[in-house]
*Asks:* 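Below: one structure in C-alpha cells.
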Amino acid sequence: MVQESDLSDAVLWTKTELFLQYPSRNITDMFLLVMEVDVLRSVIGFKDHVTLAVISACYDSIPSEISVLLACTGCSTSTQLYVAGYNEDDAHWFLRDFSLPAPTSDPMHMEVVFAASSSMLLWYSDKIFYSYKGSKVTGYIKEADTGAELSATALGTVIHQVVIGSAGNTVIKMKNNAMFFLKFNMKDVIRLSAWETETRDFAVYVNAHGDFYLLINNGSHIYFKAYPLKTEVLSATYSLAEVCPYISFQHNMEANSYYLDMGTNMTFWTQIVFLENVGLSSEVTIYRSHLLKQNSSIQYEIARGICTKNQTVTLYHDHDYSSEDDYEEAIISSTGVMTIEVEPSLTGRTCMTPNKEQEYDLTLFDCPIEAHYARPFRPTVLLYERENMIGTVEANYILWEINGRNDYYYNTTVKQNYESCFVSSGPGLLGALDNQYELMNHSGINSIIWPQDYAGIFMFRLKIMDPNYSFCPYEAFFAVQTHGIIESCSLNEHTHTYVPFCLYFSLNMLKIAGWACLIVAFFWGVLAFSYYRYVKLFRALHFVDPVVSFNTEISSVVSSEAAKKFE
C-alpha cells in the first residue's frame, strides 16, 4: 500500500494556483506547485475562452484525493461552480459530475465527510447544497416538517456555522442561534430546541471523538459546555414519530488507516440487528477494490423475531511479481490507497452513531471502580487530611460525567424528595416532580442505575453542594467500569475465530434460577404423580400368582393318583 509519507498533509491555494505540502521536502521548498488553472482548463476539458478561478480546496472523503471548487466564467450565462478532483496516487486530475450556480456575492464554503466515495456539503449565507455518493445524489437541503428548502433568509438570519462530526452528525447554526440537525446522506434537517437566546454569543465545536460542545463568550472570558446532541435529536423527532430502523449496528474497524504489505491480510466484521420483518443488511463499499482481493461470508441468526446478520470480509494480497516483465511498474500499479465504508442499508436521524472511545487520564481518575451493571451505585465520599482519613462526608453532592454521557439514570424522582412548604398548592406550581433527582448523599436512597444492555466506562466529577459544609470547594474525580453483561459469540467458519455478536443480553440471574427451580419442580411433580398413579392401577388388577397355581395343579394330580392306589 502507499506509504503515509507519500501523501501531503496541507493544501494551499490562490485564485490561479494550488500547492501541496509534503513533510519529506526541505523546509525551504516544502510546498509543491501541483496545478495552474490555465493548464488545468485544458486537462479537464474546459474550452479555451472560459476563465477559471479557485474558490476553495480541501482533502476529499477519499484520503488520497483533493477536491477543488472552481468558479467558471463563460461556461454559461452566469458564473457556474464545478468541483475538480486530484488523486495523489497517480497525479491525475479529473472533473466531478457536479455543477451549481454561484451565489452573487457570498463566499461558498465546502466540507467533506470520510466515505468510500466523495460526499460533501457546500453552503453560503442562505442555503446548503449536498453532494453524496460521488455526486450521484445532489440537491438543496430541505426542512423535514415543511419539505421546503432550508432558507436562512426566510428565517430572517444567515448561516453562521456548519459543523460536521466524525460520524456524519451535522449541526447547522444560524446567526440568530437557531440550530438544525442533519444526518449525512440524508436530504432534510430538523430544527433543534432553542439552547441559547438570540443575543448570546457562542459557537459550536466538535472534537475528534464526535462530541459536540458550545463555546460561550460571556464578555469577560470564553468557556465551553457539553451539548447533548443525542437527547436534543430524540426530542426534536418525537413529534415526527421517527424510529431507527435497526436495533444495533457495529463493526470493528476502529483505526482510521491500516497498512497491508505483500502476503499480508486483514479481516474485519460488521453486524446489524433488526426486527425480522424489516430486512436490512450491512453495506460494504470499497473504492479501488482492484488493489486487494476479497473474501466475504454472511451469517444469520433469527430468534424471537430478532434477526442478527454478521458479515466478515477478508482483504489479502497474494500477487506474484516474479513473472512480471516490468517489476517496478507492476509494483506502482498495484499499490495505493483503498477506501472502505461500512454502513447500514437504511438509517435514520435517531440512529446516533456511538462515539469513539474516550481518552482515559489515569493520573486524574486513578483505576476505575468495578460496578455490576444490575446493582444501584452510590459512591461513598471520604474526607482526607493529607494521607489520613478523617471521616465520611455526609453532606449532599452531585455528579457530572466528564464526557457528557447521559445513558445512566437515577432511581429517585424529585417527588420522592420533595417536601412542600405549604399546605396546598395550585396546579402546575410544583413543576415537573417526576424528573430524576440528581442530588446524592451518603445516607440517602438516591443511586445511579447503569445501562442494562451494554457495559461502559463512566468518568465522573463529584462536587459537594452543601453551602454550610466547608469554606473549601471540595471536589473529586473518579471512574466507574460496569460489568456483568453477557456477550453472545459465534464461531466464524472462514477465519476460525470467534466473532462477537455484539448483541448483549441483560440476564437477571434470579429470574433464571427461579425458572430453573420451577422446571425441576414440575419434572419431579410429574414423575411422582406417574408413580402413584401406576401403583394405584396395579393394585386394582386381579393378580394370580403363577407359581402358586402351578403347585396347586401338581397337588391335585398327586392326590388323584393316591386315591386310585387306595381304591
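Scope of the values below: all heavy atoms of this structure, side chains included, with no hydrogens, waters or symmetry mates.
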*Asks:* Inspect the surroundings of CG in D97 and state if more than 12 heavy atoms from other residues, nucleotides or ligands are less than 6.0 Å away.
*Replies:*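 Open.
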*Asks:* Suppose we call two aromatic rings close when their centres sit under 6.0 Å apart. Are F249 and F274 close by that rule?
*Replies:*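 No; F274 has its ring centre 6.0 Å or more from that of F249.
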*Asks:* Taking side-chain contact (heavy atoms from CB on, under 4.5 Å) as the definition, give me every residue that meets it alongside V206, ordered by chain and number, with sequence neighbours left out.
*Replies:*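 In terms of side-chain contact (heavy atoms from CB on, under 4.5 Å), with neighbours along the sequence ignored, V206 is linked to V163, F212.
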*Asks:* Which heavy atom in V337 sits nearest to a heavy atom in D89, and how many Å separate them?
*Replies:*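 Scanning both residues, the minimum pair turns out to be N-OD2, 3.0 Å.
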*Asks:* Could you pull out all residues at least two apart from Y321 that satisfy side-chain contact (heavy atoms from CB on, under 4.5 Å)?
*Replies:*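 Y321 satisfies side-chain contact (heavy atoms from CB on, under 4.5 Å) with M262, H317, H319, E324, Y327, A330, I331, S334 once adjacent residues are dropped.
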*Asks:* Check the angle between the aromatic planes of W93 and Y86 and answer parallel, tilted or perpendicular using the 30° and 60° thresholds.
*Replies:*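 Tilted, since the angle between the ring planes falls between 30° and 60°.
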*Asks:* Within a reach of under 6.0 Å around NZ of K173, are more than 12 heavy atoms found that belong to other residues, nucleotides or ligands?
*Replies:*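 Counting neighbours around NZ of K173, more than 12 heavy atoms of other residues, nucleotides or ligands fall under 6.0 Å, so yes.
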*Asks:* Compare all side-chain heavy atoms of L121 with those of I164 and state whether any distance is below 4.5 angstrom.
*Replies:*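 Yes, side chains in contact.
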*Asks:* What pairs with C307 under disulfide (SG to SG under 2.5 Å), at least two apart in sequence or on another chain?
*Replies:*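 Not a single residue meets the disulfide (SG to SG under 2.5 Å) criterion with C307.
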*Asks:* Should the ring pair F224 and Y213 be called parallel, tilted or perpendicular, given that the plane angle runs from 0 to 90° and is split at 30 and 60?
*Replies:*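 It falls in the perpendicular class, over 60°.
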*Asks:* Could you tell me whether K183 and D188 make a salt bridge, using a distance below 4.0 angstrom between a side-chain N and a carboxylate O?
*Replies:*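 Salt bridge flag = no for D188 with K183.
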*Asks:* In the structure I gave you, are the side-chain heavy atoms of N295 and Y316 within less than 4.5 Å of one another anywhere?
*Replies:*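 Yes, at least one pair of side-chain atoms sits under 4.5 Å.
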*Asks:* Can you give me the closest heavy-atom contact between D9 and Y59, atom names plus distance?
*Replies:*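 Taking D9 first and Y59 second, the nearest heavy atoms are C-OH, 3.3 Å.
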*Asks:* Quick one: sort the F458 and W450 rings into parallel, tilted or perpendicular, breaks at 30° and 60°.
*Replies:*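 Taking W450 first and then F458, their aromatic rings sit tilted (interplane angle of 30° to 60°).
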*Asks:* Other residues, nucleotides and ligands only: do more than 12 of their heavy atoms fall within 6.0 Å of OH on Y238?
*Replies:*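 Counting other residues, nucleotides and ligands, OH of Y238 stays at 12 neighbours or fewer.
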*Asks:* Whether K136 engages the ring of F98 as a cation-pi pair (distance to the six-membered ring centre under 6.0 angstrom, angle to the ring normal within 45°) should be assessed.
*Replies:*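 Negative - K136 is either too far from the ring of F98 or too far off its axis.
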*Asks:* Is it the case that the ring center of F19 lies less than 6.0 angstrom away from the ring center of W13?
*Replies:*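 W13 vs F19: aromatic centres not under 6.0 Å.
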*Asks:* Within 45° of the ring axis of Y140 and under 6.0 Å from its six-membered ring centre, is that where the NZ or CZ of K127 lies?
*Replies:*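 Verdict for Y140: a cation-pi partner in K127.
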*Asks:* Are side-chain heavy atoms of S118 and E65 found at a separation under 4.5 Å?
*Replies:*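 The answer is no, as the side chains (C-beta and beyond) never meet within the 4.5 Å cut-off.
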*Asks:* Is it true that Q311 and S297 share a donor-acceptor pair across their side chains at a distance under 3.5 Å?
*Replies:*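 Judged by distance alone, the side chains do not pair up.
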*Asks:* Assign the ring pair F184 / Y132 to parallel, tilted or perpendicular, where the plane angle (0 to 90°) is split at 30° and 60°.
*Replies:*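 Because their plane-to-plane angle lies in the 30° to 60° range, the rings of F184 and Y132 count as tilted.
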*Asks:* Can you see which heavy atom on L155 is nearest to which on N176, and at what distance?
*Replies:*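 Between these two residues, the closest heavy atoms are O-ND2, 3.9 Å.
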